[in-house]
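Everything numeric here is computed off the predicted structure, so don't read it as measured data.
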Amino acid sequence: MELRVLQYFLAVAREQSIIRAAESLHLSQPTLSTQIRHMEEELGKQLLIRGTKGSRKVTLTEEGMILRKRAEEILELVKKAEKEVTLANDIIIGDIYIGTGETDAVRILAKAAKSLQNTCPGIQYHISSGNSSYVKECLDKGLLDFGIVFGAVDLTKYNALKMPVKDTWGVLMRKDSPLAKKETVSPEDLWDKPLIISQQEDKGGALTQWLKRRVSDLNIAATYNLIFNASLLVDEGLGYAICFDKIINTTGNSSLCFRPLAPKLEDEMSIIWKKYQMFSKPAEKFIAILQESLESQN
């Protein structure tokens, strides 16, 4: 399967039309149709559902949706490899890809990047947000150089540097909420409250153990992937968001406040990368700077 044909397929998926895709690719419609048909024959699967004459909209089959996801990943890896090979010289220029959940610990990476910027201003950083499962999946596929994950690390698959900080769980709420009068929040305080929890914790985790209740027994008003969006729900009075400290600014004129959990609940973090990974020069320089920084703090 040629990369060129994968690009053709993605153009059809994007435009939802062979005619418009052919125009964007500067190909004739019969040529593009033939290329896609040959791809389907090669894979032995139908990838597209062609519209009727009255409706020329093209949709993807289930197999087509799978191929679209993989094709995007393949082409991104090719693009990344071309950059690394092209820029493999004494001048350190290139890209570093980092995946992380929402955490104030990103500041540690930011300080290392700022330090490196003084000597290597040509490095660009690309930050992707997601939970630990997302970060590990992208690392395994080669789409990320590094990732920040919470909890224990599988050291048979990854190298890891433990971060010198921990994230503290607590409750984000309006300042006029009844619980805002308390200095800390206990499990019992939350049993009858409308809660906004992370999508990962919705499936069970350390937080639900701390709450001493099954998720099904709690009043879950909403789940979130990004705490900023959840903070807007809190601000509108939908419920109490259980999240990490220092992500949402609650100082000054903010209508929100944060109260830590009691008993205290904290998560350790590590920055990880695949074992035996061959780093690009920018990534190699970055991890060296980060290691020096963390060692100096110990």
Qualifying residues under salt bridge (Lys or Arg N to Asp or Glu O under 4.0 Å), relative to [X], sequence neighbours excluded:
X: Asp154; result: none
X: Asp167; result: none
X: Arg68; result: Glu72
X: Lys69; result: Glu73, Glu137

Within a reach of under 6.0 Å around [atom1] of [X], are more than 12 heavy atoms found that belong to other residues, nucleotides or ligands?
X: Lys285; atom1: NZ; answer: no
X: Lys79; atom1: NZ; answer: no
X: Glu183; atom1: CD; answer: no
X: Lys175; atom1: NZ; answer: yes

>> Let me confirm one number: the OG-CG distance from Ser132 to Asp267, rounded to the nearest 0.5 Å.
In response: 8.5 Å

>> Distance check, rounded to the nearest 0.5 Å: Ser280 atom OG versus Ile93 atom CD1?
In response: 12.5 Å

>> Per the salt bridge (Lys or Arg N to Asp or Glu O under 4.0 Å) rule, what does the pair list look like for residues 99-119, sequence neighbours excluded?
In response: Asp104-Arg107

> What pairs of residues pass the salt bridge (Lys or Arg N to Asp or Glu O under 4.0 Å) test when at least one of them lies in residues 31-43, not counting sequence neighbours?
Replying inline: Glu40-Arg50

> How about Phe244 and Phe258: are their ring centres within less than 6.0 Å of each other?
Replying inline: no

> Can any side-chain N or O of Ser177 pair as donor or acceptor with the backbone N or O of Ala180 at less than 3.5 Å?
Replying inline: no

For [X], enumerate each residue passing the side chain to side chain contact (heavy atoms under 4.5 Å, CB included) test, keeping only those at least two apart in sequence or located in another chain.
X: Lys275; value: Asn159
X: Glu2; value: Arg4, Val5
X: Ala222; value: Ile196, Leu233, Leu238

Co-membership, hydrophobic cluster, residues [X] and [Y], 4.5 Å side-chain:
X: Ile66; Y: Leu43; result: no
X: Leu265; Y: Val149; result: no
X: Leu75; Y: Ile36; result: yes

Closest non-hydrogen atom pair, [X] against [Y]:
X: Leu144; Y: Val135; answer: CD1-O, 3.8 Å
X: Phe9; Y: Gly64; answer: CZ-O, 3.4 Å
X: Ala112; Y: Phe286; answer: CB-CE1, 4.0 Å

With a 4.5 Å cut-off on side-chain heavy atoms, are [Y] and [X] touching?
X: Asp140; Y: Lys157; answer: yes
X: Met163; Y: Ile148; answer: yes
X: Leu190; Y: Arg213; answer: no
X: Val58; Y: Val12; answer: yes
X: Ile49; Y: Thr61; answer: yes
X: Phe146; Y: Leu161; answer: no
X: Arg14; Y: Ser24; answer: yes
X: Asn249; Y: Ser254; answer: no

> Under the 4.5 Å side-chain heavy-atom rule for ILVMFWY, direct or indirect, which residues accompany Leu143?
Replying inline: Leu77

>> Can you tell whether the side chains of Arg174 and Asp235 come within less than 4.0 Å, N to carboxylate O?
In response: yes

Without placing hydrogens or testing angles, list every side-chain donor-acceptor pair under 3.5 Å for residues 122-130, not counting sequence neighbours.
residue, atom, partner, partner atom, Å
His126, NE2, Asp95, OD1, 2.6

> Which residues satisfy the side chain to side chain donor-acceptor pair (under 3.5 Å) test with Gln46, sequence neighbours excluded?
Replying inline: none

